[in-house]
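To start, the structure under review is shown below, and the notes come after it.
A quick note: this is a predicted structure, and the numbers were derived from the prediction, not measured. Indexing begins at 1, ligand by ligand and atom by atom, following the structure's order. For reference, positions follow the sequence shown, starting with 1.
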Amino acid sequence: MPTRRQVMVSVPVTATAFALADHFLLDAAPARAQQIDPLQGHFHPKGKAASKFTLDVLKRAQATLPFADTKDFEEQKKGLIAPMKDQKIMADAGHVAWDMQRFQFLDAQDGFDSIHPSLLRQSKLNNNYGLYEVSPGIYQVRGLDLSDITFVRGKTGWIVFDPLVTAEVVRAAWALFQEHVGQGLPVSAVIYSHTHGDHWGGVRGIVDEADVRSGKVPVIAPVDFMDFTVSENVYAGNAMNRRLFFQYGLLLPADPHGYVGQGLGQAVSAGATGLIAPTRYVEKPIEEFAVDGVRMIFQNTPNTEAPREMNTYIPDMKALWMAENVIASLHNIYTLRGAPVRDPLSWSKYIGEALYRFGVDAEVMFASHHWPRWGNERIQEVLRAQRDLYAHMNNQVLHLANQGVTINEIHNVYEVPKGLQEKWFCRGYHGSPQHNSRGVIQRYLGFWDCNPATLIPLSPRDSAPLYVEMMGGTEKIMTRGRQLHDEGKYLLASEIMNKLVQAQPENQAAKDLLADIFEQLGYQQENPGLRNSFLAGAYELRTGIPQGETANSSSPDVIRAMSTELFLNFLGIRMDSRKAEGLRFTMNLITPDTGETFIVELENATLTNIKGFQASKPDLTLTVNRSDLELTMMGAKTLEAQIADGTAKVQGDPGLLKQLAGTMVDFDPRFEIMPGTKAQKPELSAYVESGILGHADPYEAVPRQTIAE
Ligand SMILES: [Zn+2]
């Protein structure tokens with residue numbers, strides 16, 4: 001990890017020259033006489049220091065939050081057996097899969113002008129990096145990924161809960177564990193607590209698929225696990241991947257003025273993702289059975305933090321595993337990268353049930369992120385507060401909505417009760433009260449605030465020119481925007497500057513001022529997703545969107561987890577219907593190895609499919625084994641090639657498949673979010689070489705369709 005000085009030195013020459021030229025122009029304009037100089041040592045040549053208004057916000061937080069309560073630090077440290085020695089873990093592909101060196105600056109100072117003290121506190125807590133005892137027989141390796149991996153002693157070996165995101169970091173965790181505790185015993189079972197990729201993606205680093213197939217190592221998961229592992233992320237996957245650049249700050253370097261962690265953990269590892277399908281499903285709401293001789297009671301909690309998730313109680317150890325349902329943070333009801341809004345009431349009720357079923361007896365509680373809680377009193381305190389946190393958010397937001405508060409106001413009206421605000425583990429390090437409260441209204445009432453003026457609004461770029469005209473033109477807006485910025489009224493400033501940028505995407509001075517405004521708003525946020533989104537917006541306004549080759553590899557395991565129906569549905573989304581006007585066909589699809597049949601029809605510029613049917617007079621019948629079709633699903637082999645070498649058989653007119661292929665679009669995650677950011681086209685390679693990027697290649701670092709949470 002280069003120092004900040006090295007990064008500054010290595011910033012691409014073009015960007016620096018651009019900044020200097022722009023600065024000269026700004027100085028020449030009287031309206032911008034108060035232009036603040038860039039901060040020496042900031043990773044970006046246009047980056048600014050925290051303003052006195054931002055410092056005031058951070059100081060107020062420092063003075064009012066319960067910093068005297070240091071219990072989390074005791075719990076986070078407790079049970080340390082050995083720290084991880086290597087700061088970096090390499091990926092098999094040659095790049096760095098994990099790097100804790102880049103987060104060491106967090107511990108070098110008590111406070112930073114540009115980091116909210118509560119977020120800094122959480123990031124310092126997430127700097128734990130090693131092997132810990134949870135209780136005799138239960139161990140965790142923390143800090144090797146966004147999530148934790150847990151080992152529970154079974155009769156013959158180790159039961160693994162939630163094997164991280166990628167195989168390389170799981171192997172490193174297993175090696176550390178074996179060095180100190182494991183006694184050379186093998187993995188005897190794997191449990192996936194839920195469907196998100198940071199809880200199964202590294203499984204191939206710790207278990208051989210042959211042992212799973214032979215029944216030697218059972219893999220246990222909540223019912224319908226495979227149906228939901230990828231389905232949440234396929235249809236809108238490209239948009240979600242792009243939005244991750246904001247929520248997870250993928251272009252931001254780890255730096256006091258950039259990325260400072262993700263709240264759930266420091267970051268997502270960038271190695272190889274895989275998936276081995278479960279061999280045993282927990283189907284009933286509550287199910288008890290022994291896993292490698294250890295009695296376990298599973299509680300299914302569907303539609304909570306994930307579509308399918310389960311808690312586990314180990315009665316003989318009085319140990320309660322709360323999966324990701326209870327962590328050291330308010331979780332997301334609405335996820336900024338985009339996902340169907342979750343159900344906070346059902347989430348709260350499952351926590352309540354866990355409290356009364358297990359929590360009254362438990363002596364230790366642990367989860368897939370953060371650190372454990374010890375002692376029944378503490379466990380009950382955390383469970384009760386978390387139960388109330390989600391229920392309150394549901395109830396009070398709807399209470400206010402029933403009195404006319406809209407989705408556009410709720411985040412300014414809704415407040416978490418004071419008593420919960422004072423509990424660190426209820427603060428917003430993943431979900432925030434602001435975006436979650438809007439999410440609750442979205443869940444129940446949708447996007448519309450019921451004001452007809454917002455019912456069919458003009459697109460921002462179409463309405464913005466009139467605003468600019470009516471506000472008196474560019475210079476007036478720049479002057480007022482600068483003034484509001486200088487007065488610390490950043491939200492008002494962003495409101496008018498956004499109009500100018502929407503109207504004039506090529507106006508770099510306007511984009512730079514809006515970036516300065518976003519940057520201060522970013523520094524002020526306690527929530528890392530909000531911070532990253534503002535700072536990512538500032539970054540792209542200043543620099544543009546890096547261009548270059550994007551990785552186009554999907555994990556074969558993940559493709560295998562995708563049902564044929566899901567794949568066909570997604571083809572309907574990939575099809576540009578404007579290219580399909582006037583085309584019409586009916587196709588029978590047969591996959592003999594899985595015994596599935598479909599009718600696929602193109603009509604009215606729409607591609608549909610229906611499973612379990614065959615048309616009597618199809619224009620085309622395609623017969624291909626699902627196992628062969630997977631190569632096409634991965635993009636490794638075209639359907640034409642499958643037909644040419646006889647792998648796929650066609651009856652009827654094969655030209656129709658060619659026509660269909662001609663309507664398909666490959667989605668590109670480099671689309672523009674802020675206006676005028678694509679035109680700048682900086683080469684991705686320059687940024688990779690400069691070390692300015694948060695990831696070796698952000699387009700590669702995004703695990704395709706295995707988005708962590
Ligand atoms: Zn997770």
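Outside the 6.0 Å centre-distance limit, the rings of Y429 and H116 are not counted as a close aromatic pair. Aromatic rings of F112 and Y523 (six-membered ring for Trp) have centroids beyond the 6.0 Å cut-off, not under it. Not less than 6.0 angstrom separates the ring centroid of W371 from the ring centroid of Y132.
Contact of the M322 side chain with the T301 side chain is not registered, since no non-hydrogen atoms from C-beta on lie closer than 4.5 Å.
The Zn ion (ligand 1) has an N, O or S atom of E324 under 2.8 Å away, backbone or side chain. Because the distance cut-off is set at 2.8 Å, E305 fails to qualify as a neighbour of the Zn ion (ligand 1), as none of its N, O or S atoms comes that close. Here H369 meets the criterion, with an N, O or S atom under 2.8 Å of the Zn ion (ligand 1). Under 2.8 Å from the Zn ion (ligand 1) lies no N/O/S atom of H196, from backbone or side chain alike.
Between N325 and T304, the side chains place a donor N or O and an acceptor N or O closer than 3.5 Å (distance only, hydrogens not considered).
Nearest N/O/S atom of D198 relative to the Zn ion (ligand 1): this is OD2.
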